[in-house]
Asker: 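First the structure, which I've put down as C-alpha cells, then a few questions once you've had a look.
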Amino acid sequence: MTTETPTNFIHQIINEHNESGRFEGRVHTRFPPEPNGYLHIGHAKSIGLNYGTAVKYGGKFNLRFDDTNPTKEEQEYIDSIIEDVRWLGADWEDRLFYASDYFQQLYEWAVQLIRDGKAYVDHLTAEEIREYRGTLTKPGKNSPYRDRSVEENLDLFQRMKDGEFEDGTCVLRARIDMESPNLNMRDPVMYRILHTDHPRTGSAWCIYPMYDWTHGQSDSIEGITHSICTLEFEDHRPLYEWCIENLGIYAPQQIEFARGNLTYTVMSKRRLIQLVRDGHVRGWDDPRMPTIAGYRRRGYTPEAINDFWDRAGVAKANSTIEIEMLEHSIRQDLNQRALRRMAVLDPIKVVLVNYPEGQTEELDAINNPEDESAGTRKVPFSRELYIEREDFMEDPPKKFFRLAPGREVRLRYAYFITCTDVIKDADGEIMELRCTYDPATRGGDAPDGRRVKATLHWVSADHAVDAEVRMYEHLFSVPNPYDVPEGEEFTYHLNPNSLTILSGCKIEPSLADAKPGDRFQFERQGYFCMDPDSADGAPVFNQTVSLRDTWAKIQNQKA
RNA sequence: UCGGGGAUAGUUUAACCGGCAGAACGCCUGGCUUUGGACCAGGUGGUUGAGGUUCAAAUCCUCAUCCCCGAGCCA
C-alpha cells in the first residue's frame with residue numbers, strides 16, 4: 001500500500017482507497033480511446049493522468065480500444081493511436097486490449113441478465129424509443145415489449161445474434177426504471193443490430209454492444225481499479241455500477257475529471273475531422289492541428305506536452321488554458337536540448353567592403369549555451385553574407401538596437417561590422433548593404449572593450465544552403481473560436497495567416513545533414529523542426545514556436 | 001422545468017480536521033548577457049453574492065446567482 005502526496009483530487013481518492021484497503025493497495029488504470037479519429041492534445045491529458053497515476057503508485061496501465069461501433073471506426077485510427085500513445089511515453093507493456101476481445105463474454109453476460117429478467121428485446125422503433133423515454137422533466141413510460149417472457153427474450157436475442165433481423169428492427173435493453181430522473185437509467189439500450197464488418201472481428205458479429213454495456217465490464221475483466229473518464233460520463237456512473245452489480249462481478253471505481261481546452265484551438269473530433277475533410281489543413285498531422293501527430297510534426301516533444309498537463313493540473317471545473325502555457329513548456333524543453341544554428345529567413349545581402357575577396361574563414365560557434373556537452377562547430381565566413389532584412393532599418397526608431405547607417409553591431413561568433421552604404425533599386429527597395437568589418441574583433445570580442453547593443457545572426461552567401469521554412473500562427477485568430485456571429489460556423493475565425501511559406505531562406509551549411517524530425521533553435525528566431533517533406537538538397541523546416549521576443553512586444557505596444 | 005456536476009488573481013491550479021490564501025503561466029520593473037533568447041531579483045493581482053455559526057471561514061450552515069453536462073440503436 002502506498003500513500004503518495006496527492007497532486008490532485010484523484011490521487012486523494014486513491015490514497016483513501018489504499019488506506020481503507022478497497023483494492024488491496026492495487027492501482028491499475030487504462031486509456032480507452034475509440035478508434036474513430038486521431039488523438040489530440042486533450043487526450044494527452046488523459047494518457048498522462050492514467051499512466052502517470054499508475055507509475056506514481058507502482059501500478060499498471062492498459063491501453064484498450066473501445067471499438068464497439070464499426071460504422072465509425074477504422075484500422076488507420078487504431079494504428080495512429082498506438083503510435084501516438086507510445087510516442088507520448090505511456091507504456092502498456094503487454095496489455096494492449098480491445099473491447100472487441102470481450103464480445104463473447106459480454107454476450108454471455110447479456111444472456112445472464114435476460115435469464116434474471118433484467119433485460120429484454122424491444123421492437124419499438126428508434127423514434128418510438130425516444131418518445132417512450134420521456135424528457136428531462138417528464139418520466140418515460142414502459143415499452144409494450146418490456147414484459148416479454150424470459151424464453152421469448154432468449155429466443156429473440158439469439159436470433160438477433162444469428163442475423164435474422166435487419167439493422168434497426170429491435171434492440172436489447174436493460175430493464176431498469178423508465179421513471180428515473182437519470183435518463184441513462186430509463187432502460188438503456190445494450191445491443192443494436194449492425195450488419196457491418198468490424199476492423200478486428202470481421203463479420204463474426206452483427207450485434208454490437210453499446211458503450212454502457214461494454215465499458216464497465218471491460219474495466220472489470222482487466223482488473224482496473226480506477227476508471228478515470230471525463231465529466232460527461234458522470235451521469236453514466238450509476239449505470240456503470242448497475243451493470244457490474246447485477247452481474248455480480250468485480251467493481252472498479254469510476255472517477256470523472258474535466259477535460260482541458262486550449263485558447264485559439266478547437267478540440268472536438270468532429271471539428272478536427274471537418275478541418276481535414278474540408279481541406280482547411282493539409283491533413284491530420286498538419287503542424288497547425290492540435291493532434292498529437294500535428295504537434296509531433298511541428299516539433300513538440302512528448303516531454304513538453306506531458307509537462308504542460310502536469311502544470312495545468314487536474315480538477316472537476318471546466319477550463320480553457322491559455323496556449324501560452326503550452327508554449328512555455330516547449331520553449332523550456334527545447335532551450336535545454338535544441339542545438340543552435342543560424343538561419344536567415346528573409347535575407348538581405350551584406351558586402352564587407354574591406355574584407356579580402358575570395359577569403360573564407362572557419363569560425364567557432366557554440367552548439368548550445370545551456371549544454372556544454374553539445375560542443376562547438378565551425379561556421380564559414382566570407383566577404384558576402386546574408387542577414388535578416390528586419391535587422392536593418394534606414395531610419396531607426398529610438399529603441400531599435402540593430403543595424404542602421406553608420407551603426408556598429410556584432411555578427412555572432414564573427415566580427416563587428418559598421419554599415420556604410422545602402423544600395424537600392426529603382427523602386428527604392430533596399431538591395432544590399434555595404435559594411436566595413438573590424439579585423440580586431442574576430443570571434444565577436446573587441447579588444448578595446450568597446451560594446452555594441454546588438455548581435456545579429458548571419459550566413460555566408462557562398463556557403464549558405466537554400467531552404468523552405470514554414471511559419472505558423474494559431475489556426476484560429478481569436479482565443480475562443482466558438483464565439484462566432486449568429487448563424488456562422490466554427491470555421492468563421494480560421495486564421496488566413498496560420499501558414500506562411502518562406503522560400504529562399506539561407507541556412508548555415510551544417511544544417512544540410514539534418515534529418516526529418518531533428519529540432520534546432522535558429523538563433524534569435526525560434527525553434528524549428530525538419531519536416532518529412534524535405535528532399536535531398538531541399539530541406540524544409542517547420543517553426544515549432546518562436547523565441548520570446550521583447551522587441552516584438554515593444555512594437556506591438558506602439559501599434 | 002427534472003437529474004448530475006462546478007465556481008479561488010487575466011489563465012490554470014494549491015490550501016489535511018476551520019488557523020497568515022501559495023504556485024505556475026501571463027503582465028510590469030530592474031539586473032545580467034556574444035541570441036532583444038536563457039538566467040537572476042522584485043512587483044501587480046484573488047476566494048460568485050448575501051446572511052449565519054466561530055476567537056478564527058475559501059473551508060461549516062442557510063438562501064441566492066452564474067456556468068457546464070444529460071432526452072444516440074455515438075463514445
Side-chain angles (χ1 to χ4, degrees), chain A residues 6-8 12 32-34 36 66-69 71-73 122 124-126 129-131 133-140 167-173 180-186 188-194 208 210-212 214-215 229-238 256 258 260 263 269 308 310-329 331-332 335-336 340 342 365-366 369-370 399-402 410-414 416 441 443-445 451-457 479 521-526 546-554:
Chain A
T7 46
N8 58 53
Q12 199 151 331
E34 185 193 11
N36 66 345
D66 229 325
D67 55 348
T68 58
N69 185 357
T71 65
K72 292 190 176 168
E73 297 155 5
D122 195 349
L124 251 26
T125 65
I129 285 183
R130 193 186 327 127
E131 282 161 14
R133 186 155 33 224
T135 69
L136 296 176
T137 49
K138 276 209 309 275
D167 290 7
T169 48
C170 54
V171 293
L172 183 73
R173 291 229 255 170
S180 170
N182 181 345
L183 300 240
N184 295 123
M185 300 300 269
R186 318 240 263 227
V189 172
M190 295 160 63
Y191 277 93
R192 74 289 218 191
I193 300 170
L194 252 28
Y208 290 96
M210 300 286 289
Y211 165 86
D212 285 309
T214 306
H215 203 91
C229 61
T230 45
L231 253 28
E232 69 269 26
F233 292 102
E234 217 148 11
D235 282 347
H236 293 247
R237 190 173 356 115
E256 311 84 13
T263 54
K269 277 188 197 171
F308 162 70
D310 281 348
R311 287 170 194 263
V314 178
K316 292 195 73 164
N318 294 308
S319 63
T320 301
I321 305 160
E322 290 175 339
I323 201 156
E324 286 80 0
M325 213 186 298
L326 209 212
E327 293 175 344
H328 174 262
S329 288
R331 283 194 185 107
Q332 187 182 264
N335 177 50
Q336 295 306 315
R340 271 57 168 175
M342 292 199 283
I366 294 167
E370 304 293 325
K399 286 182 177 166
F400 185 85
F401 302 150
R402 285 109 96 147
R410 171 169 41 234
L411 294 182
R412 179 145 234 226
Y413 302 124
F416 284 14
T441 58
D445 273 314
R451 320 196 70 128
V452 289
K453 289 185 86 170
T455 301
L456 309 186
H457 61 279
Q521 183 196 102
F522 290 173
E523 295 226 18
R524 302 207 309 133
Q525 308 272 8
S546 69
L547 249 27
R548 278 186 63 224
D549 188 346
T550 20
W551 169 239
K553 205 171 282 175
I554 290 167

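Here the structure is a predicted model, which means the values were calculated and not measured. Sequence lines set the chain letters: A, B, ... in the order given, protein chains first and strands last, and positions in each chain run from 1.
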Asker: Using nucleotides 36-39 of chain B, report all nitrogen or oxygen pairs with the protein that are shorter than 3.5 Å.
Answerer:
unit_1: B/G36; atom_1: OP1; unit_2: A/R524; atom_2: NH1; d: 2.7
unit_1: B/G36; atom_1: O3'; unit_2: A/T550; atom_2: OG1; d: 2.9
unit_1: B/G36; atom_1: O2'; unit_2: A/T550; atom_2: N; d: 3.4
unit_1: B/G36; atom_1: O2'; unit_2: A/T550; atom_2: OG1; d: 2.9
unit_1: B/G36; atom_1: N7; unit_2: A/R402; atom_2: NH1; d: 2.5
unit_1: B/G36; atom_1: O6; unit_2: A/F401; atom_2: N; d: 3.0
unit_1: B/G36; atom_1: N1; unit_2: A/K399; atom_2: O; d: 2.8
unit_1: B/G36; atom_1: N2; unit_2: A/K399; atom_2: O; d: 3.4
unit_1: B/G37; atom_1: OP1; unit_2: A/T550; atom_2: OG1; d: 3.1
unit_1: B/G37; atom_1: N2; unit_2: A/E370; atom_2: OE2; d: 3.1
unit_1: B/A38; atom_1: OP2; unit_2: A/R548; atom_2: NH1; d: 2.9
unit_1: B/A38; atom_1: O2'; unit_2: A/N335; atom_2: ND2; d: 3.1
unit_1: B/A38; atom_1: O2'; unit_2: A/E370; atom_2: OE1; d: 3.4
unit_1: B/A38; atom_1: O2'; unit_2: A/E370; atom_2: OE2; d: 2.9

Asker: Applying a 3.5 Å limit to both distances, which nucleotide forms a Watson-Crick or G-U wobble pair with B/G72?
Answerer: none
Asker: NA contact type, A/I129, heavy-atom cut-off 4.0 Å: base, sugar-phosphate, or nothing?
Answerer: base
Asker: Under 4.0 Å, counting only non-hydrogen atoms across every strand here, what does A/V189 touch: a base, just sugar-phosphate, or nothing?
Answerer: sugar-phosphate
Asker: What does B/C25 pair with, Watson-Crick or G-U, if both distances are under 3.5 Å?
Answerer: B/G10
Asker: Using Watson-Crick or G-U wobble geometry with both distances under 3.5 Å, which nucleotide pairs with B/C17?
Answerer: none
Asker: What about A/F400 and A/W551, are their ring centers closer than 6.0 Å?
Answerer: yes
Asker: Any side-chain donor paired with an acceptor under 3.5 Å for A/T71 and A/N69?
Answerer: yes
Asker: Ignoring backbone atoms, establish whether A/T214 has a side-chain N or O less than 4.0 Å from OP1 or OP2 of B/A75.
Answerer: no
Asker: Provide the Watson-Crick or G-U wobble partner of B/G37, both distances under 3.5 Å; none if there is no partner.
Answerer: none
Asker: May I have the list of side-chain donor-acceptor pairs in residues 230-238 of chain A shorter than 3.5 Å, sequence neighbours left out?
Answerer:
unit_1: A/T230; atom_1: OG1; unit_2: A/E232; atom_2: OE1; d: 3.0
unit_1: A/T230; atom_1: OG1; unit_2: A/E232; atom_2: OE2; d: 3.1
unit_1: A/E232; atom_1: OE2; unit_2: A/R259; atom_2: NH1; d: 3.3
unit_1: A/E234; atom_1: OE2; unit_2: A/K316; atom_2: NZ; d: 2.5
unit_1: A/H236; atom_1: ND1; unit_2: A/D212; atom_2: OD1; d: 2.8
unit_1: A/H236; atom_1: ND1; unit_2: A/D212; atom_2: OD2; d: 3.2
unit_1: A/R237; atom_1: NE; unit_2: A/E256; atom_2: OE2; d: 2.6
unit_1: A/R237; atom_1: NH2; unit_2: A/E256; atom_2: OE1; d: 3.2
unit_1: A/R237; atom_1: NH2; unit_2: A/E256; atom_2: OE2; d: 3.3

Asker: Which comes earlier along RNA chain B counting from the 5' end, the contact point of A/R451 or that of A/T71, where each point is its nearest nucleotide?
Answerer: A/R451
Asker: Is any side-chain N or O of A/H457 closer than 4.0 Å to OP1 or OP2 of B/U35?
Answerer: no
Asker: Apply the syn/anti split at 90° from 0 to B/G5 and say which one it is.
Answerer: anti
Asker: Would you say the side-chain atoms of A/R173 pair up with the backbone N or O of A/Y191, donor to acceptor, closer than 3.5 Å?
Answerer: no
Asker: Indicate, with a heavy-atom threshold strictly under 4.0 Å, whether A/Y191 touches base, sugar-phosphate, or nothing.
Answerer: nothing
Asker: Nearest whole angstrom, please: distance from the P of B/U33 to the CG of A/D445.
Answerer: 12 Å
Asker: In Å and rounded to the nearest 0.5 Å, what is the CZ to CG distance from A/R524 to A/L456?
Answerer: 5.0 Å
Asker: Please check the phosphate of B/A71 (OP1 and OP2 only) for any side-chain N or O of A/R186 closer than 4.0 Å.
Answerer: no
Asker: Which part of the nucleic acid does A/N182 contact within heavy-atom distance under 4.0 Å: base, sugar-phosphate only, or nothing?
Answerer: nothing
Asker: In the structure shown, which nucleotide is the Watson-Crick or G-U wobble counterpart of B/U44, with both distances under 3.5 Å?
Answerer: none
Asker: Would you kindly check whether a donor in the side chain of A/E322 faces an acceptor in the base of B/G10, or vice versa, at under 3.5 angstrom?
Answerer: yes
Asker: Strictly below 4.0 Å: does A/R133 bring a side-chain N or O up to OP1 or OP2 of B/C73?
Answerer: yes
